Amino acid sequence: MFPSPTFFFFFVFVEFVNSRKLKMVGLERFLITFFALLAICKTPRADEKLLDASQLKMFVDELPDMPKIKGYDVVNGDPVPKSLIIGMFHKKWKFHRDIPATPVFAYGTSAHTATVPGPTIEAVHGIGTHVSWRNHLPSKHILPWDPTIPTAIPSTKEGVPTVVHLHGGIHGPESDGHSESWFTRNFKQRGPTWTKKKFHYHNIQHPGTLWYHDHAMGLTRVNLLAGLIGAYVIRQPDLEVPLGLPYDDEFDRPLVVFDRGFRVDGSIFMNSTGNNPTIHPQWQPEYFGDAIIVNGKAWPYMIVRRRKYRFRIINASNARFFKFYFTNNLTFIHVASDSAYHERPVILKEMLLAPSEIANVVVDFSKSKSNSAILANDAPYPYPSGDPVNEANSKVMKFIISTHHEVDESRIPEKLIKYPSSDASPVAHTRYIAMYEYTSNIDEPTHLYINGKPFEAPVTEMPKVGSSEIWYVINLTEDNHPLHIHLGLFVVLDQTELAKEDEFKDCMLKYNDAIKCHVSKYARGKKVLVPAHERGWKNVYKMMPGYVTKILVRFSFIHSNESYPFDATSKPGYVYHCHILDHEDNVMMRPLKLIA
């Protein structure tokens with residue numbers, strides 16, 4: 001149970017005075033913290049009215065098939081570019097039969113049709129999609145947020161800043177959803193790098209599964225928790241249909257998976273008190289909820305036929321990793337990772353998915369010896385050294401399998417799609433990317449940086465358009481960080497353990513220079529092989545704690561020698577960051593500037 005607001009505020013104030021932090025942080029910092037704490041104290045405490053997810057009955061709501069929006073028109077039988085208007089709306093959403101309707105932020109073409117997750121946008125390779133993203137959100141957020149981390153704050157202090165990032169998309173910087181390109185309702189307030197109302201997605205990249213979500217500075221974690229997520233699929237029928245995989249609406253389904261906590265009144269629970277309240281009144285290093293949501297329903301069920309189904313599984317959680325497996329020993333036939341196909345399918349008994357990773361799998365229910373199968377989870381949280389799963393968050397959804405056997409014309413080909421070898425790419429530059437976590441005197445995280453630099457520090461990563469680079473990503477923290485690079489695609493080459501990690505870390509904290517600290521002397525521990533299903537092109541990958549991960553990053557298309565149909569060097573540029581959203585917001589993110 002949390003202390004009363006009065007006691008909490010008194011405790012924080014006394015700690016400020018006793019530790020003489022008032023002099024250290026200055027009047028401005030103290031006042032920011034003071035008013036943030038005051039806002040928390042005025043908020044009615046509902047902590048004793050949290051919903052116990054373990055008391056909810058599972059598998060009572062049917063899995064929704066999210067509405068689909070075509071990102072193209074058809075004229076005389078041929079697809080042509082299309083313009084869409086998609087809004088963000090404040091409404092209520094039923095996550096479970098026995099949970100009252102929940103206030104959410106949702107994407108849709110209208111408030112009535114808006115859903116959580118939002119509609120699946122289906123695009124066609126080579127045909128552009130234009131989207132006008134409209135913010136219809138209220139003046140105040142429905143969740144607590146922290147003004148002491150770098151945050152998009154309108155000058156009027158009113159409105160919810162948002163900006164949409166198409167995760168995995170290859171398009172110009174002005175359509176990438178830069179964190180400082182945010183805007184409020186009716187574009188009344190705009191961020192410092194805002195440029196345009198309509199985004200252009202070229203869809204010239206290889207076919208695959210992407211997803212769109214909010215990316216506003218310092219608010220990504222709360223805006224996604226509120227519901228601003230959705231799937232985006234680029235199809236290329238002439239290339240994909242001959243493969244024989246399931247490829248239609250009934251048997252090819254996105255599964256957007258995430259976790260949430262709720263109060264008994266149905267509202268989303270997010271703790272309003274931070275781990276270091278004298279430093280960050282609200283920010284916490286990771287968000288976890290015990291209710292596991294798939295396509296907007298908690299632990300849904302899906303009635304399936306005894307045949308092959310294709311699932312595009314998107315981990316849209318803030319911080320939760322999932323280690324998926326079937327309780328009846330069914331397998332996953334892994335055909336694509338993130339947005340790119342494999343060269344050959346890989347059969348898996350289980351698969352680990354970090355936040356923002358995508359697994360494109362086929363499940364053959366004709367192989368089941370039972371009439372039901374539960375998709376389960378066994379990943380500790382935080383990953384890898386956190387708490388074991390409990391009864392609620394160890395289950396994901398249930399499949400009820402028809403007893404009738406049928407003819408299934410879909411197939412699993414021996415070969416999928418082969419892209420040009422990454423080994424053939426001449427390397428233009430080598431970089432060292434170090435991940436740090438900083439803690440308070442009570443050993444609680446205060447912030448996280450990449451290369452020891454805040455986001456606003458001058459850009460240091462400036463790759464050339466069309467180039468390939470080698471990045472050595474050095475994880476000096478205790479967490480596994482899913483690193484996401486905007487625009488760039490990469491292949492993971494190997495992961496090597498750091499020997500005498502503490503000694504190397506002490507040097508890095510002092511000099512922040514991997515070369516000066518002789519990283520090659522320490523990166524000589526055991527090597528971890530990249531799993532077969534993760535050896536293809538990725539846009540996010542799990543950086544193991546205490547390891548150096550070597551990746552080859554390409555800033556060009558992986559399927560052709562074509563140049564980008566946009567100016568990748570223009571403002572506001574791109575970013576790369578940890579995709580644990582609480583880390584990204586505070587501030588494990590750095591700018592990425594492409595040069596000619």
Side-chain angles (χ1 to χ4, degrees), residues 63 65-66 68 117 120-125 166-169 203 205-212 229-237 239-257 294-295 302 304 308-316 322-326 330-365 375 396-397 399 410-419 482 484 489 491-492 530-542 558-559:
L63 176 79
D65 191 10
M66 309 319 296
K68 292 181 175 61
T120 298
I121 300 173
E122 294 205 332
V124 171
H125 173 78
L166 178 55
H167 180 112
N203 302 322
Q205 65 198 81
H206 51 284
T209 309
L210 296 76
W211 65 297
Y212 60 95
I229 54 179
Y232 188 109
V233 177
I234 299 177
R235 297 187 181 274
Q236 190 173 352
L239 188 64
E240 296 182 279
V241 170
L243 296 176
L245 296 168
Y247 198 70
D248 57 24
D249 288 346
E250 184 176 1
F251 305 116
D252 182 356
R253 305 277 293 272
L255 300 179
V256 183
V257 186
V294 187
N295 288 6
M302 178 181 178
V304 295
K308 300 178 195 70
Y309 283 74
R310 179 178 184 170
F311 298 112
R312 303 168 186 260
I313 305 175
I314 302 169
N315 182 354
F322 286 99
K323 185 183 286 184
F324 293 112
Y325 68 96
F326 282 106
L330 279 174
T331 59
F332 305 97
I333 305 169
H334 206 286
V335 298
S337 187
D338 295 341
S339 61
Y341 276 96
H342 301 319
E343 184 177 344
R344 296 178 182 273
V346 181
I347 299 176
L348 302 172
K349 281 281 190 180
E350 62 181 28
M351 60 181 181
L352 179 67
L353 223 58
S356 84
E357 278 193 303
I358 298 172
N360 200 320
V361 301
V362 174
V363 178
D364 189 348
F365 292 104
L375 181 62
V396 179
M397 65 177 293
F399 294 93
S410 67
R411 63 187 181 89
I412 308 297
E414 290 185 8
K415 295 182 180 180
L416 294 164
I417 298 176
K418 181 176 175 61
Y419 295 111
H484 174 48
L489 294 162
V491 173
V492 184
V530 180
H533 67 287
E534 297 187 329
R535 293 176 191 165
W537 291 101
K538 301 271 294 172
N539 58 54
V540 61
Y541 195 71
K542 302 171 281 288
I558 63 171
H559 67 291

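Computed from a predicted structure; not experimentally measured.
- For the atom pair CD (Glu357) and NE2 (His167), the distance works out to 8.5 Å, reported to the nearest 0.5 Å.
- In this structure a side-chain-to-backbone donor-acceptor pair under 3.5 Å is present from Gln205 to Gly168.
- Remark: Ile333 CD1 to Asp364 CG distance equals 6.0 Å, nearest 0.5 Å.
- With Asn315 contributing its side chain and Ser356 its backbone, the two residues share no donor-acceptor pair below 3.5 Å.
- The distance from atom OH of Tyr325 to atom CG of Leu330, rounded to the nearest 0.5 Å, is 13.5 Å.
- Atom CG of Asn539 is separated from atom CG of Leu489 by 6.5 Å, given to the nearest 0.5 angstrom.
- Counting all heavy atoms, side chain and backbone alike, Pro237 lies closest to Pro242 at O-CD, 3.6 Å.
- Each of Phe311, Phe326, Tyr309, Phe324 was checked for a ring-ring contact (aromatic ring centres under 6.0 Å, His included) with Phe332, and the lone residue meeting it is Phe326.
- In terms of modelled atom types and a separation under 3.5 Å, the side chain of Asn295 and the main chain of Pro254 share a donor-acceptor contact.
- In the displayed structure, Glu414 atom CD is contacted under 6.0 Å by at most 12 heavy atoms of other residues, nucleotides or ligands.
- Judged purely by atom type and a 3.5 angstrom limit, Glu534 has no side-chain atom pairing as donor or acceptor with the backbone of Pro531.
- When side chains are defined from C-beta on, Tyr247 counts as touching Arg310, because their heavy atoms get closer than 4.5 Å.
- For Phe365 and Phe399, the ring centers are positioned less than 6.0 Å apart.
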- [ ] Before giving the answer on side chain to side chain donor-acceptor pair (under 3.5 Å), spell out for Ser337 and His533 the whole-Å C-alpha distance, their side-chain angles and the decisive distance to 0.1 Å.
- [x] CA-CA 7 Å; Ser337 187; His533 67 287; over 6 Å; no
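- With contacts defined as side-chain heavy-atom distances shorter than 4.5 Å, the pair Leu255/Leu63 qualifies.
- By the side-chain contact (heavy atoms from CB on, under 4.5 Å) test, Ala336 pairs with Tyr341, Asn360, sequence neighbours left out.
- Under a cut-off of 6.0 angstrom, the local environment of CD1 in Ile347 is sparse, with at most 12 non-hydrogen atoms contributed by other residues, nucleotides or ligands.
- Partner of Tyr232 under the side-chain contact (heavy atoms from CB on, under 4.5 Å) criterion, out of Leu166, Ile314, Thr120: Leu166 alone.
- Summarising the geometry, atom OG1 belonging to Thr209 is positioned 7.5 Å from atom CG belonging to Asp252; distances are rounded to the nearest 0.5 Å.
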TODO: Check the pair Ile313 / Met351 against side-chain contact (heavy atoms from CB on, under 4.5 Å), numbers first and verdict last.
DONE: CA-CA 11 Å; Ile313 305 175; Met351 60 181 181; 3.6 Å; yes
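- Under the 4.0 Å criterion applied to side-chain N and carboxylate O atoms, Arg235 and Glu122 are assigned as salt-bridge partners.
- Checking side-chain atoms of His125 against main-chain N and O of His206 turns up no donor-acceptor pair under 3.5 Å.
- Side-chain contact between Gln236 and His559: absent, with no pair of heavy atoms (C-beta onward) separated by less than 4.5 Å.
- Side-chain contact between Ile358 and Ser339 is absent, with no heavy-atom pair separated by less than 4.5 Å.
- One finds no salt bridge joining Arg535 and Glu343 here, because no Lys/Arg side-chain nitrogen approaches an Asp/Glu carboxylate oxygen to under 4.0 Å.
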Task: side-chain contact (heavy atoms from CB on, under 4.5 Å) between Phe251 and Lys308, worked out - done: CA-CA 7 Å; Phe251 305 116; Lys308 300 178 195 70; over 6 Å; no
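- Inter-residue side-chain proximity for Ile412 and Leu245 is flagged as met; some heavy-atom pair is nearer than 4.5 Å.
- Closest approach of Tyr419 and Ala340 over heavy atoms only: CE1-CB, 4.3 Å.
- Across all non-hydrogen atoms, the minimal contact from Lys349 to Thr331 is CD-CG2, 4.1 Å.
- In terms of heavy atoms, Val540 sits closest to Pro355 at CG2-O, 4.4 Å.
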